[in-house]
Amino acid sequence: MISSLKRFPHFWCLGAQRRLYVWRSSVHYVSDDLLCNRLCTMTETININQQPKVTESPELPDWVKIVKEEEAAVKLEDDDFLLPSFSEWVKNEKLRAREIDVRSLASDLTENDVDKISKVLRFNFKSPNAVVDALNKSRFVVSECLVEQILKRFSFEWIPSYGFFKWARVQKDVTLSSDLYNLMVDNLGKSKKFGLMMELLDEMSHLQGYVSLNTMSKIMRRFAKSGKYEDAIGVFERMEEFGLQKDTSAMNLLIDALVKGGSVEHAHKVYLDLKNHIAPSVQTYNILVHGWCRGARKIDKANETVKDMEEHGLRPDVVTYTCFIEAYCREKKFPNVDAIFKEMQMKGHSPSVVTYTITMKALGQAKELNKALDVYEKMKQNGCVPDNSFYSSLIHILGTSGRLKDCYDIFEDMPNRGVSPDTFTYNTMITIAAHNSKEEDALKFLQKMEESQCKPDICTYAPLFKMCCRMRRLKVLSFLLNHMFKNDVSMDLGTYALLVRGLCRNRNPERACAVFELAVLRGFLPTDTMYDNLIKELEKRGLKEEKKYVEELMSQAKQQASDISSEKPKE
C-alpha cells in the first residue's frame, strides 16, 4: 500500500519545499524502516582468506558484463501512482517479516543488533573515534556474522566502517578473524585511506597467520586502481617481511593489479625486472597480452609478448587468443576476429564460452544481429555449452533490438536448459524492462531475484533508479533505496551521481541538493560533472541560497580529498 512507503530518508520527503534550512536540518535523519534488515537472508558468506584468483581474462570483460541503457522518452505521470502489484509486494514483505520474527527469535535478536548498530552509524561522525565513543554507550552482542554484515553495508563509508571495526575488535564477545581484517583492509582501500590501510596491515602482521597472499593482493589492487603504481610494487617487495613468498603467483597478482589499474607499462617493467628471478607462467603472459590488447590497444606489443612467451617454451592457449579476439571486437574488426578463430582452431584450441560470448555481444552492439545469432548456432555445433553470461548477453542484444518477447522467453527457458539465472542475468532483465519503462516487469524481476536467493549488487539498482527518476516515481525510489540498504549494498559515488543527475533532469533540485550533501558527508568527492549539473539546475531555478551552500560543500569535499591524497602510506 502507498501508506506502507511513507517512512523513508528525509530527503525523499521534502516535497516542494525549497528553503535550505529544511533539507539541511533533516538530511541526517534515517527512518527505522530503512535500517530494518529482517528480510535480508541473501548475504553471502565470504571467505576472504582463500587463495586469490587472478583472471588473465578467462572471465568476461566489463564491457560485456556491464549492461548499458540509453535514455528512453516517456510520458511523465503523477508521482502518487504506485503499481498495485508492487504495493502488494511491499505489504507482503512486512507481513513475512512478522512471521519470521515469531518463528526465529534468536535470529531476530541478532538482526535487530545489526539494525540498531546501523542506526547509530548513520549519524555523520567526524572521526572513527567518535563512532567508537557512540557505540560504547550501548550494549550489543557481537558476532562474526554481524561484523561482516556491517562492514559490507558501510563498505564505501570509511568513518563508520573503520570506527565500528575498531570498536568490535576489542569486544569480549568475539575475536575478529583474518577474513574480517581483510574486508576492513579493502574498505579502507576503497576510500583511499592508504595510511590507515597500511597501519592495519602492520597490526595484522602481529597476529599469527592473518596476513595472506589475498591480503597483499587487495592492497596492491587498491594502490594500482588509484594510480599509485610504485606503492603497489613496494607492497610486493615487502612480502617476505610478512612471511610470504615472492613467487610466480605473487608476481602474477602484482602484474594483474597493475594492468587492471591502467598501467600495462608498469606491469611489463615488473615482468622484465623479475623474469630472471621468478619463472613466468602462461598466466603471466596472458595478463600482459590482455593489458596490451585492451588497456593500451597496442596489438604489436601483444604480439611481441606472445613471441617472448614462445621463446620461454610456453604456448599460447585459448585465453591468449581470446584476448586478441576481444581487442578486434572492440574495434569492430570482425574479419580479424574470424582469422583468429581459424588460427586457434588450426592449432588445436577450441573457443571457450567466453570467446563466443565476447564475439556475439560485439556483433550485437555493431547492429549485426543475424551474425550474432549465427555465433550462437556455431557454438552449439561445436559442442560448447552456454552459461549464464552467454544467455545474459544474448538476452541483452535481443533487448536492444526490441525483441522483448524473445528476451522473456529465453529467461524463462534457462532453467530448462540446466542454467539458473544469476545476478548478471537478473540485472540484464531489469535493465531491459527499465529502459522500456516497463515498471511492473522491472520490479517483478527484482522480486524474483529475491525469491531465488540471488543477491543483488550495485548494478541491479542503477537502472531502477534511472527509471524512477525519469518517471518521477519517488515513492518507488524510496522503497528501492530501502531495499538496497537491507541487502547490504553500499552506495558508491556513481550511485550518488546518478541520483543527482536524475533528480536534476526531472525538476527536483532540492532533493538533488540533499543527495549531494549526503555524498559529501559520507566522505566522497563529487565529480566535476555531478557538481556542474547541480549548479546549473540551481542557477536555472534561481535557488541562490542552495547554490551557495552546494559550493561550500564542494570546497569541503575538495579539502577532504586533499587531506587524503597528502597522506603517506606507512612504510
Side-chain angles (χ1 to χ4, degrees), residues 46 48 120-135 147-148 150-170 176 178-207 210-211 214-236 238 242 257 260-262 458 488 490-496 518-527 553-554 556-571:
I46 58 171
I48 299 177
V120 173
L121 297 182
R122 295 310 295 181
F123 287 95
N124 297 308
F125 295 101
K126 298 296 184 182
S127 70
N129 287 338
V131 176
V132 173
D133 292 340
L135 291 171
V147 174
E148 176 190 332
I150 292 293
L151 293 183
K152 291 171 71 175
R153 184 174 285 189
F154 293 90
S155 63
F156 284 99
E157 300 174 30
W158 79 271
I159 290 178
S161 177
Y162 189 51
F164 168 76
F165 181 85
K166 290 179 68 174
W167 171 82
R169 70 184 173 188
V170 298
L176 300 189
S178 58
D179 290 355
L180 297 175
Y181 269 85
N182 281 340
L183 185 53
M184 189 66 243
V185 162
D186 203 42
N187 285 359
L188 290 170
K190 285 180 186 178
S191 300
K192 301 182 181 180
K193 298 301 294 182
F194 298 118
L196 291 175
M197 181 178 73
M198 296 306 288
E199 286 179 12
L200 191 56
L201 173 64
D202 287 342
E203 179 183 327
M204 292 172 70
S205 69
H206 295 96
L207 301 172
Y210 270 51
V211 178
N214 198 27
T215 311
M216 307 304 275
S217 173
K218 289 180 180 296
I219 294 173
M220 290 188 295
R221 288 184 185 282
R222 289 302 170 190
F223 274 132
K225 194 170 183 179
S226 297
K228 295 179 176 288
Y229 306 118
E230 294 300 329
D231 289 317
I233 295 169
V235 170
F236 173 83
R238 291 186 61 193
F242 301 100
K260 290 178 178 174
I458 196 73
D488 306 320
S490 184
M491 286 179 66
D492 61 1
L493 180 58
T495 307
Y496 284 108
L518 193 59
V520 173
L521 292 174
R522 294 300 177 195
F524 292 100
L525 172 62
T527 63
L553 284 170
M554 191 64 179
Q556 176 186 331
K558 287 181 176 179
Q559 184 59 50
Q560 291 173 353
S562 177
D563 293 343
I564 291 173
S565 62
S566 62
E567 185 182 72
K568 299 292 184 182
K570 186 174 178 179
E571 297 295 336

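Small disclaimer: the values here were computed from a predicted structure and weren't measured. Index from 1, following the sequence.
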Between Val520 and Pro526, which heavy-atom pair has the shortest distance, and what is it? CG2-CG, 3.9 Å
What pair of heavy atoms forms the shortest contact from Tyr181 to Arg169, and how long is it? OH-CD, 4.1 Å
When rounded to the nearest 0.5 angstrom, what distance separates CG in Leu188 from OG in Ser161? 6.5 Å
Quick one, Phe223 and Met198 - any side-chain contact, counting heavy atoms below 4.5 Å? yes
Residue pair Leu183 / Glu148: nearest heavy atoms and the distance that separates them: CD2-O, 4.0 Å
Which atom names give the shortest non-hydrogen contact between Lys126 and Ile159, and what distance separates them? O-CD1, 3.8 Å
Flag side-chain contact, heavy atom, 4.5 Å: Met184 against Leu176: no
Could you tell me whether the side chain of Trp158 reaches within less than 4.5 Å of the side chain of Pro128, counting heavy atoms only? yes
Side chain to side chain contact (heavy atoms under 4.5 Å, CB included) partners for Leu525, two or more places apart: Met554, Ala557, Lys558, Ala561
Under a 3.5 Å threshold, yes or no: a donor from one side chain and an acceptor from the other, between Lys193 and Asn187? no
Check the side chains of Tyr210 and Glu203 for a donor-acceptor pair under 3.5 angstrom, ignoring hydrogens and angles. no
Parallel, tilted or perpendicular for Trp167 and Phe164, by the 30°/60° rule? tilted
Flag side-chain contact, heavy atom, 4.5 Å: Tyr496 against Thr527: no
Please check if the number of heavy atoms outside Lys166 that lie under 6.0 Å from its NZ is greater than 12. yes
d(Ser490 OG, Ile458 CD1) to nearest 0.5 Å is 7.5 Å
Verify, without hydrogens or angle tests, whether Ser205 (side chain) and Asp202 (backbone) share a donor-acceptor contact under 3.5 angstrom. yes
Any side-chain heavy-atom pair of Tyr162 and Ser191 under 4.5 Å: no
Under 3.5 Å, is there a donor-acceptor pair between the side chain of Tyr229 and the main chain of Gly261? yes
Close side-chain approach of Asp186 to Met197, heavy-atom, < 4.5 Å: no
Would Lys190 and Phe156 count as a cation-pi pair here, with the cationic atom under 6.0 angstrom from the ring centre and within 45° of the axis? yes
Rounded distance (nearest 0.5 Å) linking atom CG of Asp179 with atom CG of Leu151: 11.5 Å
Step by step, would you call Phe165 with Val131 a side-chain contact (heavy atoms from CB on, under 4.5 Å)? CA-CA 10 Å; Phe165 181 85; Val131 176; over 6 Å; no
First locate atom CE of Met220, then atom CG of Asp231, and finally report the distance between them rounded to the nearest 0.5 Å. 12.5 Å
Give, for atom OG of Ser217 and atom CZ of Arg222, the distance between the pair rounded to the nearest 0.5 Å. 10.0 Å
Using side-chain heavy atoms (C-beta onward) and a distance below 4.5 Å, is Phe154 in contact with Arg122? yes
Atom CZ of Phe242 and atom CG of Leu201: how far apart are they, to the nearest 0.5 Å? 4.0 Å
